[in-house]
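Quick notes on the structure that follows.
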Amino acid sequence: MKTDFSSSAGTMWIRDAWRILKKSPLNILGIVGFYLTILFVVNIPGEFLGLDEIGVVLGTMVTPFAALAFASAGRDVTHNVPFNILSAFYEGWRVSTIRFKLLALGFIYGALVVFNNHVIRYLSASEVAQWQFKDGIFVAESISAHIPWTGIIVGSILYILILFVTCFAPMLIAWRKQSIGKAFFFSLFVCLRNLLPFVALGCCYFSIALIGTIAVSTLSILLGGLSSIVIIFWAIFMTAWCYCALWPMWVTFFGSDQSHV
């Protein structure tokens, strides 16, 4: 396992992710579409019962399989191995021990997200209570005067740590046969030791997404006001591009050989 990379590694991941997406766009976008469809379906019980936490946890239990699907798709594209949407998702489902570990990983991830949401609400409650509501809408001045900075900052830090803990965990479990606890540790360790590449990656993706959103919104309005539809497709495209970075990141830190621990 390699550590201590410069910020240039972040831009390298973006370039490699683009090559992966460009080489197999239909399959990669198909994985995104399949993943979003599953998220929509598993969210139905929570919506029906009025319990958002159920939808969150069920959704996060799918996430490790999706992460592994994107990573395996990147691997197969890089090595010119044929794959499809179902084979990518089957990567984490075919072995029962791996399957149950990934489901448990997703459940823990969901529990942490739900806990973080409650922390944000608790820390933001006093400020949000002072927001004024008039004629069916919130008064902008009351919101700007009472921004819940504590909840935003603490919640953001906790969520980043949650992402770091789970970032490489699905691959470590499936490809290195690690326990959930060990996978959490090494995922967090690698991410914390390499903050600069991740900051560079996040800043670049955010800039591309923002510029692209402004561009496609402007273009769609000029062409007939289809901004919302175009932005949805742009969001799906950016999601695919971001997830394609999983394989380059994995190779950087753990190498392309999946057989050794």
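Residues L86 and N84 approach most closely at N-OD1, 3.1 Å, considering heavy atoms. Closest approach of P45 and L58 over heavy atoms only: CG-CD1, 4.3 Å. The two atoms that bring M61 and F107 nearest to each other are CG-N, 3.6 Å, heavy atoms only. In this structure, T11 and C204 approach most closely via the heavy-atom pair CG2-SG, 4.0 Å. Between S179 and I173, the shortest heavy-atom distance links the atoms O-CG1, 4.3 Å. Closest approach of L112 and I162 over heavy atoms only: O-CD1, 3.6 Å.
The closest side-chain heavy-atom distance from T150 to S124 is not below 4.5 Å. Within the 4.5 Å cutoff, the side chain of M249 has heavy atoms near those of the L246 side chain. With a 4.5 Å cut-off on side-chain heavy atoms, L163 and Y109 count as touching. Side chains of I98 and K177 form a contact here, defined as non-hydrogen atoms less than 4.5 Å apart. Side-chain contact between T213 and M238 is absent, with no heavy-atom pair separated by less than 4.5 Å. Between F184 and I108, the closest side-chain pair of non-hydrogen atoms falls below 4.5 Å. At least one side-chain heavy atom of P248 sits under 4.5 Å from a side-chain heavy atom of I20.
Summarising the geometry, atom CD1 belonging to I180 is positioned 11.5 Å from atom CD belonging to Q178; distances are rounded to the nearest 0.5 Å. The NE2 atom of H146 sits 4.0 Å away from the CD atom of Q130 when rounded to the nearest 0.5 Å. Note that CD1 of I160 is 9.0 Å distant from CG of L195, once rounded to the nearest 0.5 Å. For the atom pair CG (L123) and CD1 (I120), the distance works out to 8.5 Å, reported to the nearest 0.5 Å. Between the SG atom in C242 and the CZ atom in F206 there is a gap of 12.0 Å [rounded to 0.5 Å]. Note that CD1 of I85 is 9.5 Å distant from CG of L29, once rounded to the nearest 0.5 Å.
A donor-acceptor pair is defined here as one N or O able to donate and one able to accept, closer than 3.5 Å; no such pair exists between the side chain of W234 and the backbone of A215. Judged by distance alone, with hydrogens and angles left aside, the side-chain atoms of N116 form a donor-acceptor pair with the main-chain N or O of G155 at under 3.5 Å. With hydrogens and angles ignored, the 3.5 Å screen pairs no side-chain donor or acceptor of S24 with any backbone N or O of V77. A donor-acceptor pair is defined here as one N or O able to donate and one able to accept, closer than 3.5 Å; no such pair exists between the side chain of N43 and the backbone of L39. Of the possible donor and acceptor atoms, one in the side chain of R176 sits under 3.5 Å from a partner among the backbone N and O of F254. Side chain of S72 to main chain of A69: a donor-acceptor pair is present (N/O by atom type, distance under 3.5 Å, no hydrogens or angles). When atom types are taken as modelled, the side chain of W241 and the backbone of I14 share a donor-acceptor pair closer than 3.5 angstrom. The backbone N or O of T63 lies less than 3.5 Å from no partner atom in the side chain of T60, so there is not a single donor-acceptor pair.
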Quick one: do F40 and L36 satisfy side-chain contact (heavy atoms from CB on, under 4.5 Å)? Show the steps, please.
-> CA-CA 6 Å; F40 174 78; L36 293 177; over 6 Å; no
Check step by step if side-chain contact (heavy atoms from CB on, under 4.5 Å) holds for L68 and M171.
-> CA-CA 6 Å; L68 188 60; M171 287 74 78; 4.0 Å; yes
Please step through side-chain contact (heavy atoms from CB on, under 4.5 Å) for the pair E53 and H118, ending with a clear verdict.
-> CA-CA 10 Å; E53 288 82 0; H118 284 289; 3.6 Å; yes
Checking side-chain contact (heavy atoms from CB on, under 4.5 Å) for the pair S187/T166: CA distance, chi angles, key distance, verdict?
-> CA-CA 7 Å; S187 181; T166 56; 5.9 Å; no
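Side-chain contact check for W175 and E91: at least one donor-acceptor pair (N or O, by modelled atom type) lies under 3.5 Å.
The hydrophobic clustering, which links ILVMFWY residues whose side-chain heavy atoms are closer than 4.5 Å, places V95 and L105 together. In this structure, V251 is not a member of the same hydrophobic cluster as V81, with clusters built from ILVMFWY side-chain heavy atoms closer than 4.5 Å. Under the 4.5 Å side-chain heavy-atom criterion for Ile, Leu, Val, Met, Phe, Trp and Tyr, V199 and M12 are members of distinct hydrophobic clusters. By the rule that hydrophobic residues join a cluster once side-chain heavy atoms approach within less than 4.5 Å of another member, I236 and L21 end up as members of one cluster. L158 and I152 fall into different hydrophobic clusters, where Ile, Leu, Val, Met, Phe, Trp and Tyr residues are linked whenever their side-chain heavy atoms come under 4.5 Å apart, directly or through other members.
Relative ring orientation between F168 and W250 is described as tilted, the plane-to-plane angle lying within the 30° to 60° band. Ring orientation note: the planes of Y243 and Y35 are nearly perpendicular, at an angle over 60° on the 30°/60° scale. Ring geometry for F198 versus F164: interplanar angle of 30 to 60°, hence tilted.
Applying the 6.0 Å contact sphere to CZ of F237 captures more than 12 heavy atoms from other residues, nucleotides or ligands.
Ring-centre distance between W13 and F253: below the 6.0 Å cut-off. Remark: aromatic rings of W247 and F70 are distant, center separation not under 6.0 Å.
Within the structure, salt bridge (charged side-chain N to carboxylate O under 4.0 Å, His left out) contacts touching residues 8-23 (residues at least two apart or in different chains) are D16-R19.
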